[in-house]
Amino acid sequence: MELPFLPGTAFDKDLSKTRFHKSHAFDYRNDVSVFVGEQKPGIGGLPLPGQESKPKTSAFPPGEGTALPAWVAFDRQVLRFYAYFQEAVHELRDERYRIRNCLIYFYLEDDSVEVIEPKVKNSGIPQGTLIRRHRIPLPPPDDDKFYTVDHFAVGKEINLYSRTFKITDCDQFTRRFLAKLGNKMTPRASLPDDPYSRKREEMKESMQPLRPYEKHDTLKQFLENDRHVLRFFCVWDDTDNIFGDARELVLHYFLADDTVELLERVPPNAGRDAGPVFLRRSRLPKGPTPLPQPGEIANRTVLNVFGPMGTGGRYILDSLKTGAKDTKYYSDSDLAIGVVVDVWGRRVLLCDCDDFTKHYYNTKYGVENFEPIQYRHEGVPPKAPEISPYNGFGSEEDSLSNCLHLIPKPPRRDFQKFMAKDRRGLESNVLRFEARFETTRPIDIDRRFIISYFLSDDTLSVFEPPQRNSGIIGGKFMERCRVKKPEQDPNQAVQAYYTAQDFYVGAVLEVNRYKFVLINADDYALYYMEKHANEFPVANWRNVVAKLRPLTGQKRDQVTSEFEQHDSDKTGLLPAELFKHLVRRMTEGKLTEHEVVTLARHYGNQKDVDDVIGYARSHLRQANFLAFRHLKEAFLYYDTNRFGYIDREELKRVCEEKCLPLDSDVLEALVDLCPTNEAGQIDYNAFGAHINWKESSKESDGQPTLDGRRRINYKKLLDDLS
């Protein structure tokens, strides 16, 4: 017995219900938002009205098929069907319906469907994508389900959004896939004819054009050979005519459109004006072809005219082109070295070609012989113009420009050299030397000068440091300028100036009738000259050793005994000054002072600890370097274990990043003085203590250069001389 459905007699179905949440419809899989609400229940986890739960297990037994998900197993696998649909036409008298062909794509990875209609020329219908890719529901009343692969087969009709598509065929991949699923494959169905399209084709075939249809497809030739030009060097012998001579020409054959262009090379003082072109770019006909009369060559030929030429007149056009002329033109196969080309009655001989033309004929026609034809006659070389002597106004280059050009041009500056050798950071590109006068006057013997040579523009300046109680006011001795070499011919057009190779320790320079002897150089100048040893032979230790070898070859035992006599400790090392003195005495002055310094710097492998550290601290103090705390923080960044040791390359990288103003050889010497661990790493705390000039007073004696090589390994020098 059931209770009546009256107020107060019905039970509340939510009486004991505690969950009222609404399930979410979207979820994230591989960071992609995916719709999952199809299988989600309603309020409180209860199923929705009419919802049927899909089975969670497969209908196929285990072991058949792959266990991969569909979006992986069927990735980029698409079924393609050929179909059509019939569309009614209500507003046209000549067309009642039309047949529209289309392609149906079924994507196996997600059961989505896409319909595309191929575009037909002059159809007047918006074509392309009819249905964009998505899952399409079945027609009502099954609109809660979607199309699957089982709904598609050849010969079937499917309804997609109230439009019926008839499947007529599919591709080979689709046939094989459906056959594996067990579907029975039907043969290809025939497409129905479109009455209006058939009528248009009949009208097109019945039409008689004004001339036979001709098509000259030159786009492919243009795209393949655009900017590809064959160049021949040729000559036109015009000596038979009065005042005629051999004319040098350049023939350009454009592969893009088979046109020819000729340019003339007019030598200087030939007595002829140089025109822009000898033959304008056009197709060059073969043989003696007369110029056509005006109106002889036309796109359409008029056969007859009825009535007046104006309004009301009629004419007939020649559709067969009976009066057309077949003119043969030159092509690339007609051109070769030694061939005579007829250029509108002028016989032009092809004598040579460029490298691109040779490669073109070798790869396309297999031509290997490109022996040029000699066509230039070596005449008397022109006499060099006489240059007026320098008049003393301005520079020699400026005066020379007045002689070479009718309109004077200012001399051009070597801008590339200026940019390459200009100051950049710590690279000053300035070589500084200490010099003295070459004189016997007592007042000038003790005077010292600093000569600076600027590599950017080959200029030099002379500065005299003030000396107390000398009676001579120091300061700028000579302004920065270029200096000529002495003993030159005053009538010479361009005078020679001092270059960087003229500066070395021991050289004698004459500047404004003052003779200077270079007695020393700063460390940067010595390092720069050794770095560019190919430009400075006196700084190339290999050249110095090769020059020293014949000087000591006959008295090798004497040289060895003299070195060992001064080496009382038998360590194989000598002080630098003693080593230089012995080398000067053995060579009897045949080596320059700079070459002796080069030997001492190369074979000096023992460095004085106090001098190296003192020089480094003095240099850092002059540069006002205070970033010792930042330097240590950078060292700690590489020392992850906090052992106090880092690699050598890491230490150098930190010094470079923090712009430590020390030369590379000084930095190497400081690193060598630091203790190392078993792995060969450097103690960066000791390195920081060596360069910290604020916490220690050990500095150098203020000398301008660092002579860190206090002891010379003469044993190694003797081994190289043997």
Side-chain angles (χ1 to χ4, degrees), residues 423-434 448-452 454 461 463-468 474-476 519-531 576-577 597 601 604 606-639 644 646 648-675 682-711:
R423 183 181 184 91
R424 295 191 306 272
L426 299 178
E427 290 290 334
S428 62
N429 289 314
V430 179
L431 307 182
R432 293 181 174 87
F433 297 87
E434 184 180 0
R448 294 295 180 265
F449 301 88
I450 302 298
I451 299 180
S452 301
F454 299 86
S461 63
F463 179 82
E464 182 178 5
Q467 299 182 17
R468 298 183 61 182
K476 187 182 296 184
I519 60 176
N520 200 358
D522 64 353
D523 194 67
Y524 176 81
L526 297 176
Y527 173 75
Y528 180 88
M529 297 173 73
E530 292 172 357
K531 184 178 179 181
E577 295 300 329
V597 174
R601 288 175 60 86
Q606 296 294 327
K607 304 173 179 64
D608 190 273
V609 177
D610 295 337
D611 290 343
V612 173
I613 296 177
Y615 173 81
R617 290 176 178 174
S618 177
H619 194 73
L620 293 177
R621 183 175 183 178
Q622 293 177 6
N624 197 21
F625 183 80
L626 301 174
F628 299 107
R629 181 174 60 85
H630 300 289
L631 200 65
K632 187 173 183 180
E633 292 176 355
F635 290 150
L636 290 173
Y637 173 78
Y638 290 99
D639 185 14
I646 61 175
R648 178 185 290 263
E649 298 300 329
E650 294 175 348
L651 189 142
K652 293 180 181 179
R653 189 183 305 116
V654 171
C655 295
E656 183 179 356
E657 292 174 355
K658 299 302 179 182
C659 300
L660 189 67
L662 289 178
D663 296 334
S664 58
D665 56 347
V666 180
L667 184 61
E668 288 286 348
L670 289 173
V671 174
D672 293 339
L673 296 177
C674 298
I682 309 300
D683 186 358
Y684 59 84
N685 293 318
F687 178 82
H690 289 338
I691 65 175
N692 196 340
W693 59 270
K694 296 186 64 177
E695 298 181 0
S696 178
S697 60
K698 184 187 296 185
E699 298 179 10
S700 64
D701 53 358
Q703 297 297 327
T705 61
L706 170 64
D707 190 8
R709 298 165 175 82
R710 297 295 183 182
R711 297 184 180 274

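In what follows, every heavy atom counts, from backbone to side chain, and hydrogens, waters and symmetry copies are set aside.
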Less than 4.5 Å apart, side chain to side chain, heavy atoms only: is that true for [X] and [Y]?
| X | Y | answer |
| --- | --- | --- |
| Phe628 | Ile691 | yes |
| Tyr528 | Asn429 | yes |
| Arg448 | Asn520 | no |
| Trp693 | Leu626 | yes |
| Val654 | Glu650 | no |
| Cys655 | Leu662 | no |

Between CD of Glu434 and CD1 of Ile451, what distance do you get to the nearest 0.5 Å?
->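 If we round to the nearest 0.5 Å, Glu434:CD and Ile451:CD1 are 10.5 Å apart.
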Quick one: CG on Leu660 to CG on Leu620, what's the gap to the nearest 0.5 Å?
->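 It comes to 5.5 Å.
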NZ/Lys652: more than 12 non-hydrogen atoms of other groups inside 6.0 Å |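 Above 12, so yes.
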Has Tyr637 got more than 12 heavy atoms of other residues, nucleotides or ligands less than 6.0 Å from its OH?
->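 Incorrect, the count does not exceed 12.
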Are the side chain of Tyr527 and the backbone N or O of Asp522 linked by a donor-acceptor pair below 3.5 Å?
->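 Between the backbone of Asp522 and the side chain of Tyr527 there is no qualifying donor-acceptor contact (under 3.5 Å).
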Of all residues at least two apart in sequence or in a different chain, which pass the side-chain hydrogen bond (donor to acceptor under 3.5 Å, both in side chains) check with Lys658?
->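 Testing Lys658 for side-chain hydrogen bond (donor to acceptor under 3.5 Å, both in side chains), a comparison that skips the adjacent residues, returns none.
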Return the set of residues passing side-chain hydrogen bond (donor to acceptor under 3.5 Å, both in side chains) with Asp639 (not counting sequence neighbours), or none when no residue passes.
->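 Partners of Asp639 by the side-chain hydrogen bond (donor to acceptor under 3.5 Å, both in side chains) criterion, ordered by chain and then number, come out as Tyr684.
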Pairing residues for Ser461 by the side-chain contact (heavy atoms from CB on, under 4.5 Å) criterion, not counting sequence neighbours =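 So Ser461 forms a side-chain contact (heavy atoms from CB on, under 4.5 Å) with Ser452, Phe454, Arg480.
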Go through the structure and list residues passing side-chain contact (heavy atoms from CB on, under 4.5 Å) with Ala627, not counting sequence neighbours.
->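 Expected list: Phe625, His630.
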Tell me every residue that passes salt bridge (Lys or Arg N to Asp or Glu O under 4.0 Å) with [X], counting only those two or more places apart in sequence or in another chain.
| X | value |
| --- | --- |
| Lys531 | none |
| Arg629 | Glu633 |
| Arg653 | none |
| Glu464 | Arg447 |

Considering all heavy atoms of both residues, which atom of [X] and which atom of [Y] are nearest to each other, and what is their separation?
| X | Y | answer |
| --- | --- | --- |
| His690 | Ile613 | O-CG2, 3.3 Å |
| Ala686 | Pro675 | CB-CD, 3.7 Å |
| Phe687 | Leu667 | CZ-CD1, 3.7 Å |
| Ile682 | Cys674 | CG2-CB, 3.6 Å |
| Val666 | Ala616 | CG1-CB, 4.3 Å |
| Phe449 | Pro465 | CA-CD, 4.2 Å |

